[in-house]
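Have a look at the structure below, then the notes.
First listed ligand is number 1; within each ligand, the first listed atom is number 1.
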Amino acid sequence: MRRAELRKRLIDGFRWTDPGPESTHLVSDSSGWWRDPAILAGLGPALSEPFRAERPTVVIAPEVTGLLLGPLVANALGVGFVPAYKNTGERRIAEATTWAWTESDYRGRRLALGVRDRHLGPDDRVLVVDDWVASGAQIRALYELIATRGGTALGATALVAECPPEVARQLRLDSVLTTADLHA
Ligand SMILES: O=P(O)(O)OC[C@H]1O[C@H](OP(=O)(O)OP(=O)(O)O)[C@H](O)[C@@H]1O
Ligand SMILES: Nc1ncnc2[nH]cnc12
């Protein structure tokens, strides 16, 4: 699917929802993206294309929505996928794991992201994937984690960038949409 067609479908399939009177702002609902088979087929090729020439060896994405998107991108590139887990849930990883703390993210929250050591090493050229980038906190933490393991972070690819363009440039972030597209 051409990028223009994917952009149109993503915009059409997206909703802002009002969580109720206790909330001060609208919350994104991207469930329509996963329901549309044409979007599902188009996401991997579209998100991977800008980084294909740099020959990534692996894709990493943070839980939880990143775990839906990351494998689609990895599959389009013909490489494997590594999940980055948050230290906030029930899950405990019972083997050697490298952790990196985020700065304060878009919810004002700091958390650690962890990747199993045996899945990431010095020969890896890593493409980071996420659905939505706001402050960039998760992306920066993953870059730090990749550097700690001796790997190379090639950049990041996302569906939506909420950050200013200069932050996207600093992060080497390519996005299909910005939040301006979703408010139009
Ligand atoms: O740029 P940042 O400020 O770091 O924010 C971006 C992160 O926020 C969302 O995750 P969220 O924590 O809402 O989790 P979810 O994937 O479980 O919805 C999104 O999936 C990114 O991972
Ligand atoms: N406004 C938002 N809605 C959903 N996920 C997000 N991640 C970061 N900002 C977000």
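Salt-bridge formation is detected for the pair Asp181/Arg7: a Lys NZ or Arg NE/NH1/NH2 atom is positioned less than 4.0 Å from an Asp or Glu carboxylate oxygen. A salt bridge does not link Arg140 with Glu144: every distance from a Lys NZ or Arg NE/NH1/NH2 to an Asp or Glu carboxylate oxygen is 4.0 Å or more.
Partner of Val129 under the side-chain contact (heavy atoms from CB on, under 4.5 Å) criterion, chosen from Ile60, Leu72, Val59, Leu43: Val59.
Of all the atoms in ligand 1, the ones that sit under 4.0 Å from a non-hydrogen atom of Val64 are 15 (P), 16 (O), 17 (O). Listed by atom number, the atoms of ligand 1 under 4.0 Å from Trp132 heavy atoms are 6 (C), 7 (C), 19 (C), 21 (C). In summary, the atoms of ligand 1 found under 4.0 Å from a heavy atom of Asp105, numbered by their order in the structure, are 3 (O), 4 (O). Under a 4.0 Å criterion applied to the non-hydrogen atoms of Asp131, ligand 1 contributes the atoms 19 (C), 20 (O). Counting atoms of ligand 1 from 1 in the listed order, those under 4.0 Å from a heavy atom of Val133 are 1 (O). Interface atoms of ligand 1 facing Ala137, defined by a heavy-atom separation under 4.0 Å, are 1 (O), 2 (P), 4 (O).
Note on ring orientation: taking the six-membered ring where Trp is involved, the planes of Trp132 and Phe14 are tilted (angle from 30° to 60°).
For ligand 1, the polar-atom distance check against Gly66 finds no nitrogen or oxygen pair separated by under 3.5 Å.
Between the CZ atom of Arg55 and the CG atom of Leu77 there is a distance of 12.5 Å, given to the nearest 0.5 Å.
Heavy-atom distances between Arg107 and ligand 1 reach below 4.0 Å in at least one pair.
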